[in-house]
Amino acid sequence: MADGIGETRDRVELKLNGYPLILAKTYSISLSLFEVPSIFSLTLGIPAPALAAVLSKIPPRLSFELSIDGRLQFEGRIDAVMAERSASGTSLTIRGRDGMQDLVDRYITAEQSFKGSTIVELVETALETVYGAGNWELQFSAAIAKRRITGDDSLKQSASADAVEEGLGDGAVFIPVSPTSAAAKLLKAQQTYQAIVDSSTAADGPAVANQFAVSQFPLFPGIAEKDLLSALQNKGVVINTGSLVTVGGGANKPPEPTVQAKLGERWFDGVVKPELDRAGLFLYYVGNGIFVLSATDPQAPALYRIECSIGAPFGQHNNIVSARWTNDTTRRFPSATVHARNGGGAEKRENLADIVTDAEMVALGYNRPFTRKDTKSKKLKQAQFLALKHLCEGRRQGRRLEYTFSGHTTIGVSGKRICWAHDTVVDVDDKLFGVSGPFYIESVEHTSHPEKTTTLRLMRPEDCLFGESAGADGEL
């Protein structure tokens with residue numbers, strides 16, 4: 001299949017300090033937003049007389065670039081180098097991770113609290129602490145990484161992904177670390193207002209700011225417009241002839257500390273990732289010191305197509321080596337309820353409990369509700385989100401659709417040969433499993449043992465619930 005799908009000639013190239021290595025016998029390359037950093041393990045055949053010299057030239061922490069068919073997949077530093085001699089010969093195995101490795105590994109050496117921080121500011125603090133000033137850049141477009149990995153410069157993202165990118169990149173609409181606290185919502189309203197005033201002329205600034213701020217009130221769930229206006233007034237913001245005008249230097253008080261960096265925790269798992277999880281965001285490294293903060297984009301246009309027909313030779317359309325469909329309900333529940341309490345201080349404490357349901361499990365006749373007590377949720381919507389998130393996690397773990405293909409590239413819907421990439425969408429038409437429609441590519445694994453194959457793990461777009469703003473209707 002010289003010009004067919006799943007070309008087996010796809011070349012994996014590893015560059016160490018800019019110099020390419022060849023003669024790879026076996027390798028494994030894993031990429032996913034859900035498990036960072038990206039990792040690889042590659043084994044080379046080395047003549048015994050040259051082994052000592054090669055080992056002296058490849059120490060841990062050496063920089064690398066990993067490419068497939070000329071398309072850079074990721075770059076980082078070597079973690080481990082292992083040599084082996086057996087009856088079959090002498091080999092060298094190299095393992096490495098992408099540039100997220102330092103953020104993932106670094107422990108906190110001094111405790112600190114973050115007052116009134118946004119997620120962007122929290123991530124920037126972590127990157128500055130770990131990588132140092134001038135050694136990193138934070139961007140918000142996931143399309144950058146996906147175009148580089150696939151080799152498809154025409155790749156587009158959905159309108160919702162564009163909105164996330166714009167919101168994260170605009171200081172006026174940063175996502176608060178504590179998005180459901182009244183103080184954080186108030187701070188966001190004030191920042192939005194002030195940013196527009198600062199960027200407008202003296203004559204029209206307040207009017208434009210007021211119009212925009214009012215239009216943004218629905219973004220603050222749990223606070224009605226009249227309540228937010230009242231809160232603004234109480235904090236020193238007055239309403240004057242239809243415009244919001246800030247007064248008083250002490251009016252813009254930040255919320256109380258919401259995130260703490262504690263000794264014994266790592267920067268990523270202990271501080272950054274919990275806040276990213278709550279907001280439905282992901283942080284990853286794309287190379288050249290650039291990190292990307294973005295959300296999944298299951299509504300993006302499909303880049304690929306998978307077809308499997310009954311009676312046709314297996315893999316006729318896509319060079320499919322194997323396929324697997326799993327529907328395991330062991331860790332799924334028909335409903336979930338999270339119990340929490342709000343209030344405190346001068347406010348009366350109230351019990352919160354919200355139930356959400358999984359219609360698929362209800363239809364199957366299951367009667368095993370899941371319940372959980374949560375001490376951090378202070379709003380009913382927070383409790384509902386946690387319940388929804390638990391149901392979605394069970395669905396993702398239980399419903400698995402996996403395909404293994406020969407080679408590492410395919411013919412995309414654009415007609416171009418492109419590399420398989422995670423965080424993209426594929427249209428599936430599988431008559432054998434009775435599955436059709438768009439699927440989100442959760443992870444990609446490229447291997448050679450010695451046949452070159454690529455394994456995709458797919459999830460349904462409706463199971464991509466990763467943030468507090470998603471799935472607010474109480475049912476899946």
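Note that this is a predicted model, so its numbers are computed, not measured.
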Seminar exercise, completed: Residue set satisfying salt bridge (charged side-chain N to carboxylate O under 4.0 Å, His left out) with R147, at least two apart, ordered chain then number -> none
Exercise. So, for P301 and K156, which heavy atoms are closest and what is the spacing to 0.1 Å?
Worked result: CD-O, 3.7 Å
For this session: With side-chain contact (heavy atoms from CB on, under 4.5 Å) as the test, would you mind laying out the steps for H422 and S443 before giving the verdict?
Result: CA-CA 5 Å; H422 64 296; S443 64; 5.5 Å; no
Exercise. Quick one: does Q73's side chain have a donor or acceptor within less than 3.5 Å of a partner on S67's backbone?
Worked result: no
Problem set entry | Lys/Arg-Asp/Glu bridge criterion (N-O < 4.0 Å) met for R460, E360 | yes
Problem set entry | Gap between atom CH2 of W267 and atom OG1 of T109 - 0.5 Å precision | 8.5 Å
For this session: Search all heavy atoms of P461 against all heavy atoms of P438 and return the closest pair with its distance.
Result: CD-O, 3.3 Å
Exercise. Can a donor-acceptor pair be found between the side chains of T447 and T453 at a distance below 3.5 Å?
Worked result: yes
Problem set entry | From CG (D10) to OG (S406), nearest 0.5 Å | 9.0 Å
For this session: For the pair S91 and R85, evaluate side-chain contact (heavy atoms from CB on, under 4.5 Å) and give the outcome as yes or no after the intermediate values.
Result: CA-CA 6 Å; S91 63; R85 183 176 183 179; over 6 Å; no
Exercise. Salt bridge or not for D152 and R417, using N-O below 4.0 Å?
Worked result: no
For this session: Answer yes or no: is there an ion pair linking D358 with R332, defined by an N-O contact shorter than 4.0 Å?
Result: yes
For this session: Can you measure from OG (S141) to CD1 (I290) and round to the nearest 0.5 angstrom?
Result: 11.0 Å
Exercise. Is there a donor-acceptor contact under 3.5 Å from the side chain of Q101 to the main chain of R77?
Worked result: yes
For this session: Please step through side-chain contact (heavy atoms from CB on, under 4.5 Å) for the pair R97 and D105, ending with a clear verdict.
Result: CA-CA 11 Å; R97 295 176 292 166; D105 291 346; 2.6 Å; yes
For this session: Ignoring hydrogens and angles, state whether a donor on the side chain of T26 or S448 is under 3.5 Å from an acceptor on the partner side chain.
Result: no
Problem set entry | Min side-chain heavy-atom separation V356-V338 under 4.5 Å | no
Problem set entry | Pair Y440, D297: side-chain N/O donor-acceptor within cut-off below 3.5 Å | no
Problem set entry | Atom pair CG (N17) and CG (L62), whose distance is rounded to the nearest 0.5 Å | 4.0 Å
For this session: Determine, for E111 against K262, whether the closest basic-nitrogen to carboxylate-oxygen distance falls under 4.0 angstrom.
Result: no
Exercise. Between F291 and W136, does the ring centroid distance fall short of 6.0 Å?
Worked result: no
Exercise. Is any side-chain N of the basic residue among R95 and D79 closer than 4.0 Å to the acidic one's carboxylate O?
Worked result: no
For this session: For the pair D463 (side chain) and M459 (backbone), establish whether a donor and an acceptor sit closer than 3.5 Å, ignoring hydrogens and angles.
Result: no
Exercise. Does a donor on one side chain sit under 3.5 Å from an acceptor on the other, for D328 and T326?
Worked result: no
Seminar exercise, completed: Shortest non-hydrogen pair, V272 vs A126, comes out as CG2-CB, 3.7 Å
Exercise. Which residue pairs pass the side-chain hydrogen bond (donor to acceptor under 3.5 Å, both in side chains) test with at least one member in residues 361-371, sequence neighbours excluded?
Worked result: T329-Y366
Exercise. Between E393 and R395, is the closest basic N to carboxylate O distance under 4.0 Å?
Worked result: no
For this session: First locate atom OH of Y403, then atom CG of L458, and finally report the distance between them rounded to the nearest 0.5 Å.
Result: 7.0 Å
Problem set entry | Donor-acceptor pair between D69 and T409 side chains, under 3.5 angstrom | no
Problem set entry | 4.5 Å side-chain heavy-atom contact, F439 and L456 | no
For this session: Decide whether S41 and S28 meet the rule of one side-chain donor and one side-chain acceptor closer than 3.5 Å.
Result: no
For this session: Would you please name every residue forming a salt bridge (charged side-chain N to carboxylate O under 4.0 Å, His left out) with R61, sequence neighbours left out?
Result: D102
Problem set entry | Partner residues of S294 under the side-chain contact (heavy atoms from CB on, under 4.5 Å) criterion, sequence neighbours left out | A142, Y284, V292
Exercise. Which distance, rounded to the nearest 0.5 Å, do you find between the CD1 of I58 and the CG of L16?
Worked result: 5.5 Å
Seminar exercise, completed: Closest non-hydrogen contact found for A110 with L263 is N-CD2, 3.8 Å
Exercise. Is the H390-F370 ring centre distance short of 6.0 angstrom?
Worked result: yes
Exercise. Are K431 and D429 within salt-bridge range, i.e. N to O under 4.0 Å?
Worked result: yes
For this session: Just jot down the salt bridge (charged side-chain N to carboxylate O under 4.0 Å, His left out) partners of E75, sequence neighbours excluded, or say none.
Result: none
Problem set entry | Closest contact, heavy atoms only, D98 versus F64 | N-CZ, 4.4 Å
Exercise. Which residues satisfy the salt bridge (charged side-chain N to carboxylate O under 4.0 Å, His left out) test with R331, sequence neighbours excluded?
Worked result: none
Exercise. Does a side-chain heavy-atom distance below 4.5 Å link L283 with V36?
Worked result: no
Problem set entry | Working for side-chain contact (heavy atoms from CB on, under 4.5 Å), residues F34 and T296 | CA-CA 10 Å; F34 307 98; T296 58; 4.3 Å; yes
Exercise. Is any side-chain N of the basic residue among D423 and K146 closer than 4.0 Å to the acidic one's carboxylate O?
Worked result: yes
Seminar exercise, completed: Here the pair of heavy atoms bringing G151 nearest to R71 is CA-NE, 3.7 Å
Exercise. Is there a donor-acceptor pair closer than 3.5 Å between any side-chain N or O of Y285 and the backbone N or O of S38?
Worked result: no
